[in-house]
Undergrad: 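Please see the structure below; I have some questions.
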Amino acid sequence: ETVENFWKNGILDPDSNVQFGEGGAGTFSDGKLNTLVKDTFGRGKEVLSRFVEAGAPSEILYQQKPHLGTDQLVGIVQFMRHQIEEMGGEFRFRSTVTDLMIRDRKLNAVIVNAKEEIPAEICILAPGHSARDTFAMLEKHNINMEPKSFAVGVRVEHPQTMINQDLYGEPENDRLGASSYKVTHTLENGRGVYSFCMCPGGYVVNASSEEGMLAVNGMSYQARDSHNANSAIIVTVNPSDFPEEGVLGGIALQRKLERAAWEAGKGKIPVQLFKDYCTHQKSTRLGDVIPCIKGAYTLTDVRSIFPKEIGDSIEAGIHAFGKKLSGFDRPDALLEGVESRTSSPVRIVREPKKLTSNIEGIYPCGEGAGYAGGITSAAMDGIKVAEAVASVYALPVNKM
Ligand SMILES: Cc1cc2nc3c(=O)[nH]c(=O)nc-3n(C[C@H](O)[C@H](O)[C@H](O)COP(=O)(O)OP(=O)(O)OC[C@H]3O[C@@H](n4cnc5c(N)ncnc54)[C@H](O)[C@@H]3O)c2cc1C
C-alpha cells in the first residue's frame, strides 16, 4: 500500500518502500530467480521448492530462467510469513534495529527503535544493500567492513517488439513470450559497461528510500505484458573512484548521484532521449518510445547526474550495444536515472567457516552484507548462515 501510494502521490515512507518492509527488496522485485551461484549443496533447489510450496508455479523447478513477477511475489511473501509464524516465529513491523549492545566482543542485545532492548546472543544481520543507517551504526561499533566495487548507470527503455524483432525475427511470438537480452562491453578506459536486471515487458520503478534522493529499478508482472523492455545499463565503479571517503565511500557516491537525480527531476524520475543524452541537451518531447514507469516522471537532462567519465561510458556502451542489438541506440530510446542500487557498496567481513563477524554472535548475511546478488543467491546464503548457526546452537535431537 505504501509503495503504491508513493508511486501515485510521491509520498515516501522511509521505512516501507521498494527497498524496505515485508519481504525486503525481493517483494517489489522482478522475481527473476536464476542465479550464477553454483548449487553444490542443493540450497538453490531448496529455495525454489520453498517458493513452490508457498504458491509459485511448479515450472520454476525446471525452467532455465524462472520468473515470478511482482504480482505473485506479494502473496508468496505473505504465505512464507504465516508459515514462520505457525512454527513459532514472530514478525515485528515498523521495528528498526537501531543499535547493538556488545560486551567483551560478544553480542549481548539488539536495540529496536532506539528504545526497546532485546537480549540476543545471535543476530543474523541481513539488512539488504540500502541499509545505510545500519552500515553507519556497524562502523561505529568497529564491525569489520570493507568497501567493494558496484555499478551505477541508467535504466533504458525500448519497445518490446523491437527487441523481439531482433531476437526472434518477428515482433511478437505467443509461445516464446517477451524476449530478453544481455549485453556487455569493455570500454577503452578499461571500465566494463553492461546490461543488468533486464525486465522484458516490464516497468521502470521509483525505488527511492531516502528523502531528497531518487533511485530507479525495474520490475515486471508475471505476464510480462507491458509494451516496453527495460534494463539497467551500468558502469563498474570501484573503491578507487571514492578513495577519500573510507569504508562507506560507496554510499557517499550513491547518495551524491541520487541527490543529483532528485534535483534533475525535482522529485520525479528524470527521463532523457538517447539523442539528447549524446548532445547534453534537456529532452522536451518524447519520440516513438512511450515510457512504462511506476511513479511520476519528467523529461529533463539525465546526463547531468553523472561525473564525466561515467556519463561518457554509458554513451559509449549504448552505441556499442547498438551494433549487437538492432535499434538499441535509437535516438528516441529512453534513459532514466539513476540506477545506483545494483549491489551492496560494502562487505561486512565474516569468518569463512563460522560465518560470524569480528563480533561473536553477529552473522552477516545476504546481499547487503556482500554475499549475494539477487533473490535466489540471498536466500541460499540465508540457508548457509542458518546451517552455521545450527551447527553451534542446535540442541541434540534427543533433547528437543
Ligand atoms: C525493483 C527491484 C527489482 C529486482 N529484481 C530482481 C530480480 O528480478 N531478480 C533478482 O534475483 N533480484 C532482483 N532484485 C534484487 C533482490 O531483490 C535482492 O537481491 C534481494 O532482495 C536481496 O535479499 P536480502 O534478503 O539480502 O535483502 P533485502 O531483500 O533488501 O531485505 C532486507 C530487509 O532488511 C530490513 N532491514 C534493513 N535494515 C533494517 C534494520 N536496521 N532493522 C530491521 N530491519 C531492517 C529491510 O526492511 C528488508 O526487509 C531486485 C530489486 C529491486 C529493488
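Counting starts at 1 for both ligands and their atoms, in listed order. Because only heavy atoms are used, hydrogens play no part in the values below, and waters and symmetry mates are left out as well, while side chains stay in.
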Undergrad: Among all the protein's non-hydrogen atoms, which is closest to atom 40 (C) of ligand 1, and how far away is it?
TA: Val97 N, 3.6 Å

Undergrad: Consider only side-chain N and O atoms of Glu53 and Gln83, and report whether a donor and an acceptor are under 3.5 Å apart.
TA: yes

Undergrad: Near Gly366, which atoms of ligand 1 are under 4.0 Å from a heavy atom of that residue?
TA: 26 (O)

Undergrad: For atom 28 (P) of ligand 1, grab the closest protein heavy atom and report residue, atom and distance to one decimal in Å.
TA: Ala25 N, 3.6 Å

Undergrad: With a 6.0 Å cut-off on ring centres, are Tyr194 and His185 close enough?
TA: no

Undergrad: Who's the nearest protein heavy-atom neighbour of atom 53 (C) of ligand 1, and how far?
TA: Asn217 ND2, 3.4 Å

Undergrad: Looking only at protein heavy atoms, identify the closest one to atom 27 (O) of ligand 1 and say how far it is in Å.
TA: Gly128 CA, 3.4 Å

Undergrad: Between the main-chain N or O of Arg191 and the side-chain N or O of Asn189, is there a donor-acceptor pair closer than 3.5 Å?
TA: yes

Undergrad: Should Lys323 and Asp329 count as an ion pair when the cut-off is N to O under 4.0 Å?
TA: no

Undergrad: When you check the gap from the basic side-chain N to the acidic O, do Glu86 and Arg81 get nearer than 4.0 Å?
TA: no

Undergrad: Counting heavy atoms only, name the option from His129, Glu22, Glu367 that's nearest to atom 15 (C) of ligand 1.
TA: Glu367

Undergrad: In the complex you have, is atom 45 (C) of ligand 1 within reach of the protein, judged by whether a heavy-atom distance drops under 4.0 Å?
TA: no

Undergrad: For ligand 1, which atoms, with element, lie under 4.0 Å from some heavy atom of Gly374?
TA: 10 (C), 11 (O), 12 (N), 19 (O)

Undergrad: Looking at Asp301 and Arg303, is any side-chain nitrogen of the basic one under 4.0 Å from a carboxylate oxygen of the acidic one?
TA: no

Undergrad: N/O of Ile375 under 3.5 Å from N/O of ligand 1, yes or no?
TA: yes

Undergrad: Would you please indicate if the ring centroids of Tyr203 and His227 are separated by under 6.0 Å?
TA: no

Undergrad: May I ask you to check if ligand 1 and Asn34 share an N or O to N or O distance below 3.5 Å?
TA: no

Undergrad: Thinking salt bridges, do Glu157 and Arg330 make one under a 4.0 Å N-O criterion?
TA: no

Undergrad: Decide, yes or no, whether a salt bridge links Glu90 with Arg92 under the criterion of side-chain N to carboxylate O below 4.0 Å.
TA: yes

Undergrad: Got an N/O contact under 3.5 Å between Lys32 and ligand 1?
TA: yes

Undergrad: Taking only Lys NZ, Arg NE, NH1 and NH2, and the carboxylate oxygens of Asp or Glu, determine whether Glu210 and Arg255 approach each other closer than 4.0 Å.
TA: yes

Undergrad: Do the side chains of Glu4 and Lys294 get close enough for a salt bridge, i.e. N-O under 4.0 angstrom?
TA: no

Undergrad: Give the single entry among Cys197, Ser220, Ala126 that approaches atom 32 (C) of ligand 1 most closely by any heavy atom.
TA: Ala126

Undergrad: Looking at atom 36 (N) of ligand 1, what's its closest protein heavy atom, distance included?
TA: Pro127 O, 4.0 Å

Undergrad: Any atom of ligand 1 sitting under 4.0 Å from a heavy atom of Ser95?
TA: yes

Undergrad: May I ask you to identify, for Ala378, whether its side chain, its backbone, both or neither come under 4.0 Å of ligand 1 on a heavy-atom basis?
TA: side chain

Undergrad: Answer yes or no: does an N/O atom from Gly21 fall short of 3.5 Å to an N/O atom of ligand 1?
TA: yes

Undergrad: So which heavy atom in the protein is nearest atom 5 (N) of ligand 1, and how far is it from that ligand atom?
TA: Asp30 N, 3.1 Å

Undergrad: Does Asp332 use its side chain to pair, donor to acceptor, with the backbone of Asp288 at less than 3.5 Å?
TA: yes

Undergrad: Note the single closest protein heavy atom to atom 48 (C) of ligand 1, along with its residue, its atom name and the distance in Å.
TA: Gly24 CA, 3.5 Å

Undergrad: Between the side chains of Arg50 and Glu46, is the shortest nitrogen-to-carboxylate-oxygen separation below 4.0 Å, so that they form an ion pair?
TA: yes

Undergrad: Identify, by atom number and element, the atoms of ligand 1 in contact range of Gly31, meaning under 4.0 Å from any of its heavy atoms.
TA: 7 (C), 8 (O)

Undergrad: Any atoms of ligand 1 less than 4.0 Å from a non-hydrogen atom of Gly218? List them with their elements.
TA: 1 (C), 2 (C), 3 (C)

Undergrad: Do Phe20 and ligand 1 have an N or O pair less than 3.5 Å apart?
TA: no

Undergrad: Do me a favour and list the nearest non-hydrogen protein atom to atom 6 (C) of ligand 1 with residue, atom name and distance?
TA: Ser29 CB, 3.7 Å

Undergrad: Does any N/O atom on Thr96 come nearer than 3.5 Å to any N/O atom on ligand 1?
TA: no

Undergrad: Taking transitive links into account, so neighbours of neighbours count too, which hydrophobic residues share a cluster with Ile124 at under 4.5 Å side-chain distance?
TA: Ile122, Leu355, Tyr363, Val385, Val389, Val392, Tyr393

